[in-house]
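Here's the structure we're looking at; comments come further down.
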2 protein chains.
Amino acid sequence: MKPKKHTAEGGQHTAAKILDAAEGLLADAGYGGMSMGAVGERAGVPKALVFYHFKSKDQLFEQVLERYYGEHLGALRQSFEAAAGQPLGVRLHGVIDAYFDYISTHQRYPRIIQQQVASGGAADLIRRHFEPLFRWTVDALSTELPATGPLAPRQFFVSFSGLVINYFTYAPVLAGMWGGDPLAVEAVAERRAHVHWFVDRALDGLGPAEVRA
Amino acid sequence: MKPKKHTAEGGQHTAAKILDAAEGLLADAGYGGMSMGAVGERAGVPKALVFYHFKSKDQLFEQVLERYYGEHLGALRQSFEAAAGQPLGVRLHGVIDAYFDYISTHQRYPRIIQQQVASGGAADLIRRHFEPLFRWTVDALSTELPATGPLAPRQFFVSFSGLVINYFTYAPVLAGMWGGDPLAVEAVAERRAHVHWFVDRALDGLGPAEVRA
DNA sequence: GGGGCGTCTGACCGATTGGTCAAACCTTAT
DNA sequence: ATAAGGTTTGACCAATCGGTCAGACGCCCC
């Protein structure tokens, strides 16, 4: 019979369990509400083991963010490059779909980020991960749009990311007034269609000739 | 000479000072990061006095939210009713401007709300204040738009509030990459113009005949 | 079998937290 | 003067926090 106690079965597995537990607590209660003891309890290991695998609370948090940002940026990049050569409108739809899909399948992620952004905590860390995403998107649009003014690429970046992210962070609040679960598949599909509609209206407004086709 | 110590000069004034201090700390560090001792220190009063005026941390937080939501809803309502009789497009612009103005002059407010929404903390409290705003907006649009689908009023509510709010919550993160302070007056004006452009594109897409004029 | 060596554990620490209390204070009404 | 009642104060409490430590356990190479 295997020992009940946590034996040295490979640190990889344990560290991953701890990371998962930390993710859940971060999404539920935020950085301040995540206690290292609770992380251990949720992962089924003593608190000291959490500190063994991650030197401090900050470092644990940083690794959670690192994992998410890496996956997220990768998903966007892959989508954008897969549609290389196609007109900007098509590529935009693709990237926004990738954005939408990643968020909708990792709903803890926008919650953690929004909390952190809104509180100003770990600002440098967030900025370090956020900046490549921002610059990459703005560069992709910079050939088609004026660098400043109401139609600047940076404005569209903030707008479209907000259009996607806010729906998921507000979903729990909207639950009672939406007429059904906002996170159910049909509801998410409706939101996706709405975002698509918005993208099309924006493209129309930018002058179809230069931007589309 | 007046005594240096805090005399019984009227509880009103003291309570207001405490509320202000709590607001600042909430915006800076979030609910979890706001300690009652720090609130007292920032207000210049001992911690026990904070507990005398507000029975608990939760109640203090609740009153901060109450004040904001009341002002916010009032500003929107006033703007909407002032433009009674005018075409929907004009009224929409007015309400969104009022939304934008209130947020831009109370930048702590979106930060506090976003943190709380994203963390799921105080969900009932948020929902209680959020729901009238939501229902009221959706009702105003319900005569012009289908109740469900990609063009449902509820979708536009989430979209436009996100368009406005997200800019301000992300401003600190964007600071380094924006080319100037995103909260400077010109930058805020540019954002406002961008939101207006978006509203107009949306109105165009809904069929000018029924909705505008 | 006996070192290493990475993994794991419970007990422990100082600091901080939300919250309480009895007593002191100031103002006003009698 | 004095009684009363709202306000203010610092000292105090149990609980929890992030973090540490000495040692036990399991595995692998000699």
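Naming: A, B, ... by sequence-line order, numbering from 1 per chain. Since the model is a prediction, treat every value here as computed from it, not as a measurement.
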(Q) Check A/Glu62 with A/Arg128, please: is the shortest side-chain N to carboxylate O separation under 4.0 Å? (A) yes
note: B/Met36, atom CE; D/dT8, atom C1'; distance rounded to Å ~ 16 Å
Expected list for residues 55-65 of chain B near DNA chain D, using heavy atoms below 4.0 Å, is none
is_close_aromatic(B/Tyr68, B/His129), centroid dist under 6.0 Å: no
Separation of D/dG18 atom C1' from A/Phe54 atom CZ, nearest Å, is 16 Å
Open item on the list: Tell me whether the side-chain N/O atoms of A/Ser35 come closer than 4.0 Å to OP1 or OP2 in D/dT16.
Closed with: no
### Query
Does OP1 or OP2 of C/dC8 have a side-chain N or O of A/Thr14 closer than 4.0 Å?
yes
Taken to the nearest whole Å, OH/A/Tyr31 to C1'/D/dG18 is 9 Å
Rounded to whole Å, the CZ-C1' distance (B/Phe51 to C/dG19) equals 5 Å
Item to complete: Could you tell me whether B/Arg42 and B/Asp28 make a salt bridge, using a distance below 4.0 angstrom between a side-chain N and a carboxylate O?
Response: yes
Here the distance between atom P of C/dT7 and atom CG of A/Leu49, to the nearest Å, is 10 Å
Query raised in the report: Stepwise, does the ring pair (Phe, Tyr, Trp, His ring centres under 6.0 Å) test hold for B/Tyr99 with B/Phe80?
Result: CA-CA 11 Å; B/Tyr99 201 106; B/Phe80 193 72; over 10 Å; no
Here the distance between atom C1' of C/dT17 and atom CE of A/Met34, to the nearest Å, is 18 Å
Would a distance-only check, ignoring hydrogens and angles, find a side-chain to backbone donor-acceptor pair under 3.5 Å from A/Arg127 to B/Val173? yes
Reckon B/Tyr52 has a side-chain N or O less than 4.0 Å from the OP1 or OP2 of D/dT7?
yes
Rounded to whole Å, the NE2-P distance (B/His53 to D/dT7) equals 6 Å
Comparing nearest nucleotides in DNA chain C, the 5'-proximal residue of the pair B/Ala48, B/Ala38 is B/Ala38
Between CD of A/Glu41 and P of D/dG18 the distance, given in whole Å, is 13 Å
Is it true that B/Glu190 and A/Arg154 make a salt bridge, defined as a side-chain N closer than 4.0 Å to a carboxylate O? yes
Is the closest side-chain donor-acceptor distance between B/His194 and A/Ser159 under 3.5 Å? yes
Polar pair under 3.5 Å, donor/acceptor by atom type, side chain A/Lys47, base C/dG10
no
